[in-house]
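Contents: one structure, followed by commentary.
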Amino acid sequence: MINKKVEDICNRQVEREGYSSNLYLAMASWAEVNGLAGVAGWLYVQAEEEKLHMLKFIKYINERGGKAVMPAFKKPPAEFKSVEDLFKEVLKHEEFVTASINEIVALTLAEKDFNTHNFLLWFVFEQVEEEASAKAILDKIRLVGKNNMYQLDRDILSLRTPAAGPAANTQAAQ
Ligand SMILES: [Fe+2]
Ligand SMILES: [Fe+2]
C-alpha cells in the first residue's frame, strides 16, 4: 500500500506528465502551421510518449491502493519565437521533469518505499534519454544554422530513438 505522501507526489507527477503532453502538442501545432511537418511529427510522437508516462503513474498509484486524480492543466504557450527557442524550451522542461522525478526518488528512499523506488527507475533512465535527445536536436540546429530549418525539418524524425526507456521495462507503458 502506497503512503499518502508518496501518493500525493505521484499525483503531482500525473499532472506534470500530462502537462508535458499538452505542451508538446501545443508546440507541434505551432510547428505544423508554420510549415515544419517534420518538427511537428517529432513533437506529436513526443506528446504521445508523455501521455504514456502519465498513464504509467495513474496505473501505478491505483495498483498500489491509492487513487489517481485527474488534475486541471494550465494552458501551454501557443507561440514560439523560433525552432531553436522551442527546443531550448523542450530541454528546460525536461530538466524540470528530471528534477521532479529525482524529488520523488528521494522521498521514496526517506519513506523506505522500495516498490515505488523500483517503479521510478524506468523514469530515471528515461529522463537521461529525454534530455539527451533535446540536446542532440539543439546541436543539429547549431550545425545547420538556425535560419536553415529545411534540412532539420526533413531529417528530424530520423533522430528519434526507437523506443523510450530501457527495453526491459517498456511493457509497463502499454
Ligand atoms: Fe515524461
Ligand atoms: Fe519527457
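From a predicted model like this one, the values you see are computed outputs, not experimental measurements. Every number for a ligand or one of its atoms is a count from 1 in the order of the listing.
- The nearest N/O/S atom of Glu17 to the Fe ion (ligand 1) is OE1.
- Two residues are said to be in side-chain contact when any heavy atoms from C-beta on lie closer than 4.5 Å; Phe73 and Ser20 fail this criterion.
- Under 2.8 Å from the Fe ion (ligand 2) lies an N/O/S atom of Glu94, whether from backbone or side chain.
- As for His53, its N/O/S atom nearest the Fe ion (ligand 1) is the one called ND1.
- Under 2.8 Å from the Fe ion (ligand 2) lies no N/O/S atom of Glu126, from backbone or side chain alike.
- Heavy atoms of other residues, nucleotides or ligands lying less than 6.0 angstrom from OH of Tyr150 number 12 at most.
- For Glu50, the nearest N, O or S atom to the Fe ion (ligand 1) falls under 2.8 Å.
- Phe57 and Phe123 have tilted rings, their planes meeting at an angle from 30° to 60° on a 0 to 90° scale.
- Contact check for Leu43 versus Leu25: no side-chain heavy atoms found under the 4.5 Å cut-off.
- Of all N/O/S atoms in Glu130, OE2 sits nearest the Fe ion (ligand 2).
- By the 30° and 60° cut-offs, the orientation of the rings of Phe96 relative to His93 is tilted.
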